[in-house]
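Below you'll find the structure, written out as structure tokens, and then a few comments.
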Amino acid sequence: MSPKGGVGKSTIAYYLSKLLSNKYKVVLIDRDLTATISSIFGIKIGLFNYLADDISGEFVYEDHNLKVVSLARFQPSNIPSLEKFYPIYGNILKGADIVITDNSPGGIGEIELMEYKAYYKTVEGSDSYFIPVTTPALQLDRALAFVEEYRKILKQMIPKITSLEILALVANMVKNQNIEVPGIRVIKVPFYRDLLYNGFQNCEPPKELYELVEIVENIM
């Protein structure tokens with residue numbers, strides 16, 4: 001997550017999901033209306049578009065241990081009730097070891113809240129972790145304050161949430177900047193030209209992200 005677009009959230013979510021799916025059953029949820037992840041996997045509609053506007057089509061891509069789910073390719077006309085959303089979403093999550101969400105920049109909207117509620121109805125008692133993504137152009141204090149505000153809203157809206165910790169902070173496209181946060185693991189990813197010009201889905205994962213995979217595996 002990040003309060004700013006273009007910092008590499010989709011890139012991190014994509015690689016983390018692909019790498020972890022080598023060993024675990026992973027569900028990658030695309031919450032962002034820009035739909036970077038959904039476009040890569042050829043998903044044309046979102047689950048909310050199907051429920052709210054009766055638009056037919058596939059909103060799930062599945063390949064071996066990886067499922068990719070689009071919540072909305074465009075703004076739905078309304079937000080369906082939890083009773084309507086939960087049965088389909090809960091079935092999608094069945095058997096998953098890890099759920100990763102690619103979030104839109106900015107605060108929590110109705111789509112995100114509905115997904116959180118359905119998630120905790122499905123896997124009550126599980127822990128959630130934040131991975132803030134920042135760049136040298138984004139003030140670190142701003143990124144961390146955004147996460148803290150996000151956490152407060154979620155705990156207020158969904159009392160079932162037990163844990164909302166920062167797993168690690170990814171500092172993306174850094175050069176020689178010294179980025180340190182007391183008590184938080186910082187993973188520095190340099191600027192990789194190929195990721196920008198060739199499309200990250202066509203490139204090998206940055207070697208620095210294997211450290212992030214190791215952190216996730218440690219909590220598994």
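In this text, all values refer to a predicted model and were calculated from it rather than measured experimentally.
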Task: CA sep, side-chain torsions, deciding dist, call: Arg31, Asn103, side-chain hydrogen bond (donor to acceptor under 3.5 Å, both in side chains) - done: CA-CA 5 Å; Arg31 290 171 159 183; Asn103 301 290; 2.4 Å; yes
TODO: State whether the side chain of Lys84 and the backbone N or O of Leu51 hold a donor-acceptor pair below 3.5 Å, judged by distance alone.
DONE: yes
Task: Residues, nucleotides or ligands: over 12 heavy atoms within 6.0 Å of Glu110 CD - done: no
Open item on the list: Taking Thr135's backbone N and O only, do any of them form a donor-acceptor pair with Asn172's side chain (distance below 3.5 Å, no angle check)?
Closed with: no
- [ ] Taking the side chain as every heavy atom from C-beta outward, state whether Ile79 and Ile111 have any atom pair closer than 4.5 Å.
- [x] yes
Open item on the list: Taking atom CD as the centre, does Glu217 end up with more than 12 heavy-atom neighbours from other residues, nucleotides or ligands that are less than 6.0 angstrom away?
Closed with: yes
Open item on the list: Applying side chain to side chain contact (heavy atoms under 4.5 Å, CB included) to Ile55 and Phe74, what does each step give before you reach the verdict?
Closed with: CA-CA 11 Å; Ile55 297 173; Phe74 49 88; 3.3 Å; yes
- [ ] Report whether Ile12 and Met173 are members of the same hydrophobic cluster (ILVMFWY, side-chain heavy atoms less than 4.5 Å apart, transitive linking).
- [x] no
Open item on the list: Give me the atom names and distance for the closest heavy-atom approach of Ser104 to Glu112.
Closed with: OG-OE2, 3.0 Å
- [ ] Would you indicate whether the side-chain heavy atoms of Asn65 and Val26 approach each other to under 4.5 Å?
- [x] no
- [ ] Would you tell me whether Gln139 and Thr134 have side-chain atoms, one donor and one acceptor, within less than 3.5 Å of each other?
- [x] no
Open item on the list: Testing the basics here: between Tyr14 and Leu28, what is the closest heavy-atom pair and its distance to 0.1 Å?
Closed with: CA-CD2, 4.5 Å
Open item on the list: With a 4.5 Å cut-off on side-chain heavy-atom distances among I, L, V, M, F, W and Y, is there a chain of contacts connecting Leu47 to Ile100?
Closed with: no
TODO: Would you give the length of the straight line joining atom NZ of Lys121 to atom CD1 of Ile158, rounded to the nearest 0.5 angstrom?
DONE: 12.5 Å
Open item on the list: With clusters defined by side-chain heavy atoms of hydrophobic residues (ILVMFWY) lying less than 4.5 Å apart, directly or transitively, does Met220 cluster with Leu16?
Closed with: yes
TODO: May I ask you to test the Val27-Ile98 pair for a side-chain heavy-atom distance under 4.5 Å?
DONE: no
Task: Flag side-chain contact, heavy atom, 4.5 Å: Ile161 against Leu164 - done: yes
- [ ] Would you check if the side chain of Asn91 reaches a backbone N or O of Ile88 as a donor-acceptor pair within less than 3.5 Å?
- [x] no
Task: Contacts of type side chain to side chain donor-acceptor pair (under 3.5 Å), residue Glu211, not counting sequence neighbours - done: Arg185
- [ ] Please report the closest heavy-atom contact between Pro206 and Tyr15, naming both atoms and the distance.
- [x] CD-CE1, 3.5 Å
TODO: Identify the heavy atoms of Phe48 and Ala72 that sit nearest to each other, and give their distance.
DONE: CB-CB, 4.4 Å
Open item on the list: I'd like to know whether Asp32 forms a side chain to side chain contact (heavy atoms under 4.5 Å, CB included) with Leu71, so could you lay out the CA-CA distance, the side-chain angles of the two residues, the decisive distance to 0.1 Å, and finally the verdict.
Closed with: CA-CA 8 Å; Asp32 195 343; Leu71 289 187; over 6 Å; no
Task: Minimum heavy-atom distance between Asn198 and Asn202, given as atom pair plus value - done: O-ND2, 2.8 Å
- [ ] Look at the rings of Tyr150 and Phe130 and say which category their plane angle falls in: under 30° parallel, 30 to 60° tilted, over 60° perpendicular.
- [x] perpendicular
- [ ] Report, as yes or no, whether the 6.0 Å neighbourhood of atom CG on Asn176 holds more than 12 heavy atoms from other residues, nucleotides or ligands.
- [x] no
Task: Heavy-atom check, side chain of Glu180 versus side chain of Val186, under 4.5 Å - done: no
Open item on the list: Could you check whether Asp53 and Ser77, counting side-chain N and O atoms only, form a donor-acceptor pair closer than 3.5 Å?
Closed with: yes
Task: Expected output: side-chain Gln177 to main-chain Lys175 donor-acceptor under 3.5 Å - done: yes
- [ ] Give the minimum heavy-atom separation between Thr162 and Gly125, together with the two atoms involved.
- [x] OG1-O, 4.0 Å
Open item on the list: Taking Tyr129 as the starting point, is it possible to reach Leu144 by hopping between hydrophobic residues whose side chains are less than 4.5 Å apart?
Closed with: no
- [ ] Check whether any side-chain heavy atom of Gln75 sits under 4.5 Å from a side-chain heavy atom of Leu33, and report yes or no.
- [x] yes
Task: Full working for side chain to side chain contact (heavy atoms under 4.5 Å, CB included) between Val170 and Ile131 - done: CA-CA 7 Å; Val170 176; Ile131 301 176; 3.8 Å; yes
TODO: Establish whether Met1 and Met157 are linked, either directly or via other cluster members, by ILVMFWY side-chain heavy-atom contacts under 4.5 Å.
DONE: yes
Task: Side-chain donor-acceptor pair present, Asp102, Ser10, cut-off under 3.5 Å - done: yes
- [ ] Would you mind checking if Lys188 and Glu208 are paired as a salt bridge, meaning a charged N to carboxylate O distance below 4.0 Å?
- [x] no
Task: Pair Tyr89 + Tyr119: ring centers closer than 6.0 Å - done: no
- [ ] Could you check Arg73 against Ser38 for side chain to side chain contact (heavy atoms under 4.5 Å, CB included), going step by step and ending with a plain yes or no?
- [x] CA-CA 8 Å; Arg73 283 302 310 260; Ser38 298; 3.6 Å; yes
Task: Straight-line distance of Ser17 OG to Asn22 CG, nearest 0.5 Å - done: 11.5 Å
Task: Test item: Asp30 and Val69 side chains (from C-beta on) under 4.5 Å apart, heavy atoms - done: no
Open item on the list: Using a 6.0 Å distance limit plus a 45 degree cone around the ring axis, check whether Lys160 lies over the aromatic ring of Tyr120.
Closed with: no
Open item on the list: Any non-hydrogen side-chain atom of Cys203 less than 4.5 Å from a side-chain atom of Tyr192?
Closed with: no
